[in-house]
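Everything below concerns the one structure shown next.
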Amino acid sequence: LTSLSWRRMKANDRERTRMHNLNCALDALRDILPALPEDAKLTKIETLRFARNYIWALTETLRMDAQHHSDGASASPSALDSASPAGCVYDSCDRLHTYTGDDGTSCTVW
DNA sequence: TAGGCCATCTGGTCCT
DNA sequence: AGGACCAGATGGCCTA
């Protein structure tokens, strides 16, 4: 074995480990995402999109809850109730652009 | 069989 | 110099 190929083998091994760690992190993320059927494993890109959408929905829920408390109005439906990716529109870089809730109201993320 | 997803290898670049 | 990170290439597996 030349020293070059030995270094390459070591680098390949590190890269493999790094990608395994990345996949472990993705699995951990899948574990905390809600309302998924047991046998429906999200792909990597779906996991990232859903996580982003879920974070957005949590943020919206907090915002609406704070608004509800300040207005004294009746409780509005939680954004989490419609947190599925179905209502989302993404741009060419997979960034969430617009979200449309069940009530037909839409929200542009930025 | 085509297309999607994934793991792995590889070379380049950046950081310590 | 060596390790971490990244993106492109490649081949295998699975499904419609």
Side-chain angles (χ1 to χ4, degrees):
Chain A
L1 235 47
T2 66
S3 84
L4 178 67
S5 63
W6 177 245
R7 281 209 306 271
R8 191 60 258 179
M9 284 175 64
K10 278 180 33 175
N12 289 348
D13 196 49
R14 284 194 304 271
E15 177 66 7
R16 223 177 298 126
T17 301
R18 195 181 70 85
M19 294 307 294
H20 288 168
N21 289 336
L22 185 60
N23 289 335
C24 283
L26 267 170
D27 284 338
L29 184 57
R30 286 188 187 100
D31 284 345
I32 65 167
L33 291 177
L36 290 175
E38 198 63 34
D39 56 343
K41 183 183 178 182
L42 294 173
T43 65
K44 293 180 176 182
I45 186 69
E46 286 169 344
T47 300
L48 292 174
R49 283 172 172 163
F50 188 39
R52 179 183 52 196
N53 188 44
Y54 186 54
I55 291 168
W56 175 84
L58 287 171
T59 306
E60 276 300 286
T61 300
L62 287 174
R63 189 185 62 77
M64 289 189 298
D65 195 49
Q67 194 172 21
H68 164 244
H69 277 43
S70 64
D71 292 350
S74 63
S76 53
S78 165
L80 290 175
D81 294 338
S82 48
S84 82
C88 298
V89 176
Y90 299 94
D91 68 7
S92 60
C93 294
D94 283 339
R95 290 175 299 208
L96 183 62
H97 182 270
T98 305
Y99 174 80
T100 303
D102 288 343
D103 59 356
T105 59
S106 65
C107 174
T108 298
V109 173
W110 70 78

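None of the values given here were measured: they were computed from a predicted structure.
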Donor-acceptor contact below 3.5 Å, side chain A/Arg30 vs main chain A/Leu42: yes
Nucleotides bounding contact with chain A, strand DNA chain C, heavy-atom threshold 4.0 Å: C/dG3 to C/dA7
Min side-chain heavy-atom separation A/Leu26-A/Leu48 under 4.5 Å: yes
Sub-4.5 Å side-chain heavy-atom contact between A/Asp27 and A/Lys41: yes
Residues in contact with DNA chain B, drawn from residues 14-24 of chain A - heavy-atom cutoff 4.0 Å: A/Glu15, A/Arg16, A/His20, A/Asn23
Counterpart residues, salt bridge (Lys or Arg N to Asp or Glu O under 4.0 Å), relative to A/Arg14 (two or more places apart): none
Results of side-chain contact (heavy atoms from CB on, under 4.5 Å) for A/Arg16 - residues two or more places apart only: A/Asn12, A/Asp13, A/His20
Whichever hydrophobic residues join A/Met19 through chains of side-chain contacts under 4.5 Å: A/Leu22
Verify same cluster id: A/Tyr54, A/Leu62 (apolar side-chain graph, 4.5 Å): no
Electrostatic pair A/Glu15:A/Arg18 at N-O distance under 4.0 angstrom: yes
Covered region of DNA chain B, 5' end to 3' end, by chain A [heavy atoms, under 4.0 Å]: B/dC5 to B/dG11
Set of residues satisfying side chain to side chain donor-acceptor pair (under 3.5 Å) with respect to A/Lys44, sequence neighbours excluded: A/Asn23
Results of side chain to side chain donor-acceptor pair (under 3.5 Å) for A/Thr59 - residues two or more places apart only: none
